[in-house]
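The structure appears below as structure tokens.
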Amino acid sequence: MSTPAQYYQSLPPVSKFYGVACLMTTSALYLGLYDPWNIALSYQDVFKRFQVWRLITNFFFLGPFSPFFAIRLIMIARYGVLLERGPFDKRTADYVWMLMFGALSLLVMAAIPFLWTPFMAGSLVFMIVYVWSREFPNAQISIYGVVTLKGFYLPWALLALDLIFGASLMEDIIGMVAGHLYYFLTVLHPLAGGKYVLKTPLWVVCRHKLVAYWGEGIQVNSPVQRDPSAGVAFRGRSYGLDGNRARTTTAPSEQNQTDNSARQPNSGEGVAFRGKSYRLSGH
């Protein structure tokens with residue numbers, strides 16, 4: 001069994017930084033070091049008083065110490081870490097860009113008056129949970145040891161729990177919207193044949209030296225790598241309207257294997273219609 005220090009050292013960098021930052025922000029509140037409304041999102045203060053830090057600091061306040069705060073922090077330690085170690089393994093810059101894109105999407109939505117919330121850290125955490133649920137839809141999740149469900153339904157189950165506990169649902173809903181927007185642009189749209197438009201900017205890698213410092217990899221401009229056990233939507237053979245099978249698109253590695261097998265007919269496990277050939281006359 002690992003010690004708390006060993007567990008802390010084993011955490012990936014981005015999830016570790018964000019979780020510790022949220023914990024320190026709430027701890028500083030109890031020490032009386034600041035007024036929470038000085039870091040809340042207020043577009044009036046941003047544009048009229050140039051308090052631009054509000055666009056960032058509101059994403060680090062998960063609220064006072066409470067069961068709600070603990071659950072959100074556990075979500076970062078659980079699902080944020082699984083994302084960073086799974087689909088975003090060796091792609092720390094892409095993970096940072098996902099969080100930045102989510103934060104920008106939430107700021108745009110918060111400009112609509114009825115979608116505005118002073119602190120959007122809960123929404124960003126819910127975005128992480130939503131992206132995880134789409135990357136691991138078949139994972140088995142236990143809710144308080146009472147209900148077991150697939151990972152795909154986890155955000156909806158958490159939404160129902162917040163409804164039961166009387167918490168605000170607006171943060172959860174806009175977090176799910178931001179997560180779905182990111183997943184659509186990086187996974188669903190490219191799978192449907194669309195262009196991969198949400199590339200990680202190079203300045204994200206250049207300005208985030210922590211990527212190279214932690215040695216977690218700096219691969220950029222690549223779509224989210226799906227879990228092989230999760231399945232691929234719309235994958236299979238296609239047929240034309242005349243009943244003939246259309247040409248299927250294969251990955252470069254699969255194409256190379258096909259070419260090699262074509263060049264070496266004696267290799268492999270069996271070849272269809274293998275043997276001598278005869279004319280119809282019997283010769």
Under 3.5 Å donor-acceptor, [X] side chain and [Y] backbone:
X    : Y    : result
R72  : A121 : no
S27  : T25  : no
Y196 : L198 : yes
T26  : G63  : yes

Would you say [Y] ends up clustered with [X] if hydrophobic residues are merged whenever their side chains have heavy atoms under 4.5 Å apart, either directly or through other cluster members?
X    : Y    : value
I56  : V14  : yes
F165 : L154 : yes
V197 : V131 : yes
I174 : M100 : yes
L104 : V52  : no

Supply the atom-to-atom distance [X] [atom1] to [Y] [atom2], rounded to the nearest 0.5 angstrom.
X    : Y    : atom1 : atom2 : value
L163 : D172 : CG    : CG    : 10.0 Å
D162 : L169 : CG    : CG    : 6.5 Å
L83  : R91  : CG    : CZ    : 10.5 Å
R54  : S42  : CZ    : OG    : 5.5 Å
Y43  : K48  : OH    : NZ    : 15.5 Å

Applying side-chain contact (heavy atoms from CB on, under 4.5 Å) to L188 and H180, what does each step give before you reach the verdict?
CA-CA 10 Å; L188 298 181; H180 184 75; 4.3 Å; yes
In terms of heavy-atom contacts, does OH of Y30 have more than 12 from other residues, nucleotides or ligands at under 6.0 Å?
yes
Counting only heavy atoms not in F152, do more than 12 fall under 6.0 Å of its CZ?
no
Closest non-hydrogen atom pair between [X] and [Y], with its separation:
X    : Y    : result
P155 : M176 : CB-CE, 4.1 Å
L73  : G19  : CD1-O, 3.6 Å
E135 : V187 : OE2-CG2, 4.0 Å
L107 : L55  : CD1-O, 3.9 Å
R85  : P12  : NE-CD, 3.8 Å
P36  : L29  : CD-CD1, 3.5 Å

Do [X] and [Y] make a side-chain contact, defined as non-hydrogen atoms from C-beta onward lying under 4.5 Å apart?
X    : Y    : result
M98  : P87  : no
S133 : Y153 : no
L106 : M127 : no
I128 : Y95  : yes
I143 : L161 : yes
Y34  : N38  : no
M120 : M109 : no
Q9   : Q6   : no

Pair E84, S15: side-chain N/O donor-acceptor within cut-off below 3.5 Å
yes
Evaluate the criterion side-chain contact (heavy atoms from CB on, under 4.5 Å) for residue pair I141 and T148; output intermediate values, then yes/no.
CA-CA 5 Å; I141 301 296; T148 301; over 6 Å; no
Hey, what's the ring geometry for F17 with F60, parallel, tilted or perpendicular (30° and 60° as the breaks)?
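Correct class here is perpendicular.
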What orientation do Y182 and F101 show, parallel under 30°, tilted 30 to 60°, or perpendicular over 60°?
tilted
Test side-chain contact (heavy atoms from CB on, under 4.5 Å) on L181 and V177; report intermediate values, then the result.
CA-CA 6 Å; L181 179 61; V177 172; 5.5 Å; no
Passing option when Y79 is tested against Y130, W132, F126 for ring-ring contact (aromatic ring centres under 6.0 Å, His included):
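The residue from Y130, W132, F126 that satisfies ring-ring contact (aromatic ring centres under 6.0 Å, His included) with Y79 turns out to be W132.
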Report the residue from L41, V125, L124, I39 that forms a side-chain contact (heavy atoms from CB on, under 4.5 Å) with F59.
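It is L124, the one option of L41, V125, L124, I39 that forms the side-chain contact (heavy atoms from CB on, under 4.5 Å) with F59.
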In sequence, state the C-alpha distance, the side-chain angles, and the governing distance for M75 and R78, and then conclude on side-chain contact (heavy atoms from CB on, under 4.5 Å).
CA-CA 5 Å; M75 288 180 182; R78 174 66 176 173; 6.0 Å; no
Check this for me, if you would: do R49 and D45 make a salt bridge, where the nitrogen-to-carboxylate-oxygen distance has to be below 4.0 angstrom?
yes
